[in-house]
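Just so it is clear: chains get the letters A, B, ... in the order the sequence lines come, proteins before strands, and each one is counted from 1.
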2 protein chains.
Amino acid sequence: MAKPAGSAIEPTIAERSSARDVARLAGVSTATVSRALNLPASVDPDTLSRVKAAIEKLRYVPHGAARALRSRKSDMFGAVVPSFDYALYARTTSALQREADARGYALVLAAHHYDLAIELRVTQQMVQHGVDAFVFVGLDHDPALFSLLDSYGRPYVLTWGVDASGIHPSIGFDNRAATYAMTRHLLDLGHRHFGLISAPTTGNDRSRERGAGVRAALAAAGLSLVDDDVRYGPIALESGTRAMRELLAKRDRPTAVLATNDVFAVGAMLACRDAGVRVPDDVSITGVDDTDLGATQTPGLTSIRTPIVEIGRAAALQLAARLEGRPVNLLQELPFELVRRASTAPPASRRRRR
Amino acid sequence: MAKPAGSAIEPTIAERSSARDVARLAGVSTATVSRALNLPASVDPDTLSRVKAAIEKLRYVPHGAARALRSRKSDMFGAVVPSFDYALYARTTSALQREADARGYALVLAAHHYDLAIELRVTQQMVQHGVDAFVFVGLDHDPALFSLLDSYGRPYVLTWGVDASGIHPSIGFDNRAATYAMTRHLLDLGHRHFGLISAPTTGNDRSRERGAGVRAALAAAGLSLVDDDVRYGPIALESGTRAMRELLAKRDRPTAVLATNDVFAVGAMLACRDAGVRVPDDVSITGVDDTDLGATQTPGLTSIRTPIVEIGRAAALQLAARLEGRPVNLLQELPFELVRRASTAPPASRRRRR
DNA sequence: GGATCATATGTAATCGAATACATCGCCGGC
DNA sequence: GCCGGCGATGTATTCGATTACATATGATCC
């Protein structure tokens, strides 16, 4: 049954039965076979069952490319994400795939590693492969991306943010409000000196907005963020660790460090652990995304629960609806939630004073 | 430039320029356009540049479905994984996607949530969509899956295990040897009473083999695993937590608990934390896969570093080679490595005795 | 009982690129 | 000076399903 391993060298794409074979066996025309598959109601029940039997017997699987060529649709969604290594996008994509599958759409996947030029390139390849509709992460994209999608009439939806201008269909939450709330939480605890660990902000509206949320909350409290207390790095534990090490080395170190995601925050916690700095006693640390990685640390990481799964699900629903001509809400703002755990507490100075 | 949000209701797949348009503009035939794209060496440099200019100008993107129909290949790989929520498969898939992209292949993704029937269904859909070659996880599959792939002549490779019979191309490591080594490690520390937290074993050769490795190591030491010390559950933190809670509640509790993956292990650590049981003083815990989740815990989780990324990379390379008719090793066994961290130590009894 | 219409099915054109085959120069060999 | 051969290009067929249009059959209405 299974082919002997050696034969694989020959890339023989073997015989498959076509609609003609089915038609012949069932004693009908190919048009009827096609109708039996796509508009079964328009076929006589008797004929239908004969065709179905023939399909079964021949193990007929329609040729998607032929179908796509003629009917101008492939039933494929494309997901273009920054990276897959951060569990976050994997989970969103998982939800997206699940929901797409349930509606008969396959999912084509690509990553651009935070490079908008690569994003444009892989999207073009997907258009070429016939992908019907697209999901992108974030609001920042090469203008050429939109003109490509536009000229090929491909629906798309941006995720993880809501396009305030309303130009682009988008599903996400208010990144700025999220970190604003988090900063507010730390201010309420009595913190006055803050550090920020952020992803690079070029081409990344999420991290830009998250930084803006922190600054806005501080400004509202008459405070501000010193440039030297802000550290940037690619999303990885080591970035958080390095950034925290640097912040800890300062004469005047922040009493609270906000990270724009849980990975940075956990990396920062590791740096504290290594340096013998206690969390939250000596320094409070917060993340965003509320991942297992953060939640399972000791102490548990205070974070923002973001609508990771909901975004994926809603994106699939929106695209399916649009392709099928059903009306949908093109702009969807989903809620987030601050999750308090043990990584945040009043600063030491404040506790003494009490 | 961007379409107004409202227009999306109309699924207008707009005009795209075809090879004919390019041919007309460049003053050549469509055959030459096709050759310019696929066998540039066979076209006069002068003509070539004229065609390229026309392509550029018209922003021509070849129609993949037409190409696939005629040339009988789509340049798409399919990855069928159990789940995407476990960061593991996401990382393997990430590597796979990256390597595939570098070679001009797109990646179509599906998950089957540990249901072999769903696996068969989504694979059939992928065949229908024209996917050229497949990557599956594990060695356990519905026989119909192989006969489907075989009758459609689609190359495939199984991953995360090595098919001892040599029937199926596969890339992975020796799951049994991995847990054997881990059990040996715990035996060497002096443990004699073991618990096991495992994923269900039906249709999952990895978890079956990992369990077998533990039993084999124990048998070699004249010990065995009591049924009541083995707990099963779906891969999630809660499964590990629940299992550990149950093991801790026993009169005669194990001094070492092996988990078949890091998620279970971390879940187990959480249960210990809640119950005030110290790791590794009161109980040693081990995982498999060496994820960040385990490595960043306090104490750090002793685990097995598995070739997560290498598997994805190698799978892409193998499939590309086979589709392109180049010879490759169809069976690849990759190394694993035991990573000792602070979650394992001699049992309390042993320590006292010293 | 003939016109009308709905239902079921067949016929044939079509989608866009790849490619087998034909054609046309042009060069070199003898 | 003729012919074989090669390089560059054009012509026309092909891939397999969808679908507009044509046709046949039988029911319905006045």
Side-chain angles (χ1 to χ4, degrees), chain A residues 13-52 54-55 58-76 125 127-132 152-153, chain B residues 12-52 54-55 58-76 125 127-130 132 152-153:
Chain A
I13 303 287
E15 285 312 305
R16 56 191 296 170
S17 35
S18 73
R20 247 230 316 280
D21 302 325
V22 175
R24 195 148 31 204
L25 182 61
V28 297
S29 71
T30 60
T32 301
V33 173
S34 171
R35 277 188 286 256
L37 249 35
N38 302 312
L39 287 94
S42 76
V43 175
D44 186 89
D46 226 46
T47 317
L48 186 60
S49 65
R50 257 173 33 244
V51 172
K52 291 234 155 144
I55 287 175
L58 297 176
R59 306 162 110 267
Y60 166 67
V61 177
H63 194 297
R67 174 169 199 274
L69 177 58
R70 180 64 229 241
S71 66
R72 336 204 103 247
K73 56 182 195 161
S74 66
D75 292 347
M76 294 193 293
Q125 281 175 356
V127 168
Q128 170 164 354
H129 275 103
V131 167
D132 287 335
Y152 280 85
Chain B
T12 38
I13 303 286
E15 286 312 307
R16 57 190 296 170
S17 35
S18 74
R20 252 234 306 288
D21 303 325
V22 175
R24 197 148 29 208
L25 183 60
V28 298
S29 72
T30 60
T32 301
V33 173
S34 172
R35 278 188 287 256
L37 249 35
N38 301 312
L39 287 95
S42 77
V43 175
D44 187 88
D46 227 47
T47 317
L48 186 60
S49 66
R50 253 168 41 239
V51 172
K52 292 234 154 142
I55 288 175
L58 296 176
R59 306 163 111 265
Y60 167 67
V61 178
H63 194 296
R67 174 169 199 275
L69 177 57
R70 179 64 228 244
S71 67
R72 339 205 98 246
K73 56 181 195 165
S74 66
D75 292 346
M76 294 193 293
Q125 282 175 354
V127 167
Q128 171 165 353
H129 275 102
D132 287 335
Y152 279 87

Would you indicate which nucleotide in D:dA8, D:dT18, D:dG16 comes nearest to any side-chain atom of B:Arg72?
D:dG16

Return the [atom1] to [atom2] distance between [X] and [Y], rounded to the nearest 0.5 Å.
{"X": "B:Leu37", "Y": "B:Leu48", "atom1": "CG", "atom2": "CG", "answer": "9.5 Å"}
{"X": "A:Leu69", "Y": "B:Arg70", "atom1": "CG", "atom2": "CZ", "answer": "12.5 Å"}
{"X": "A:Tyr60", "Y": "A:Lys52", "atom1": "OH", "atom2": "NZ", "answer": "13.0 Å"}

Apply side chain to side chain contact (heavy atoms under 4.5 Å, CB included) to the pair A:Thr47 and A:Val28, showing each step before the final yes or no.
CA-CA 8 Å; A:Thr47 317; A:Val28 297; 3.6 Å; yes

Most 5' of B:Tyr60 and A:Thr32 on DNA chain C, judged by nearest nucleotide:
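This one resolves to A:Thr32.
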
Quick one: label [X] by what it contacts on the DNA or RNA (base, sugar-phosphate, nothing), any heavy atom closer than 4.0 Å.
{"X": "A:Val28", "value": "sugar-phosphate"}
{"X": "B:Ser18", "value": "sugar-phosphate"}
{"X": "A:Val43", "value": "sugar-phosphate"}
{"X": "B:Ser34", "value": "base"}
{"X": "B:Gly130", "value": "nothing"}

Please confirm whether any donor atom in the side chain of A:Arg35 sits under 3.5 Å from an acceptor in the base of C:dG10, or the reverse.
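Yes, a donor-acceptor pair under 3.5 Å.
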
Between [X] and [N], does any side-chain N or O lie under 4.0 Å from OP1 or OP2?
{"X": "B:Asn38", "N": "C:dA17", "result": "no"}
{"X": "B:Ser71", "N": "C:dA18", "result": "no"}
{"X": "A:Arg70", "N": "C:dT14", "result": "no"}
{"X": "A:Thr30", "N": "D:dG16", "result": "no"}

How many Å lie between [atom1] on [X] and [atom2] on [N], as a whole number?
{"X": "B:Asp44", "N": "C:dC24", "atom1": "CG", "atom2": "C1'", "value": "15 Å"}
{"X": "A:Leu48", "N": "C:dT7", "atom1": "CG", "atom2": "P", "value": "16 Å"}
{"X": "A:Leu69", "N": "C:dA18", "atom1": "CG", "atom2": "P", "value": "12 Å"}
{"X": "B:Asp46", "N": "D:dG7", "atom1": "CG", "atom2": "P", "value": "18 Å"}
{"X": "A:Gln128", "N": "C:dA18", "atom1": "CD", "atom2": "P", "value": "9 Å"}

Evaluate the criterion side chain to side chain contact (heavy atoms under 4.5 Å, CB included) for residue pair B:Val33 and B:Arg20; output intermediate values, then yes/no.
CA-CA 8 Å; B:Val33 173; B:Arg20 252 234 306 288; over 6 Å; no

Would you mind telling me which residue lines up with the more 5' stretch of DNA chain D, A:Ala31 or A:Ala65, judged by nearest nucleotide?
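Its nearest nucleotide lies further toward 5', so the answer is A:Ala65.
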
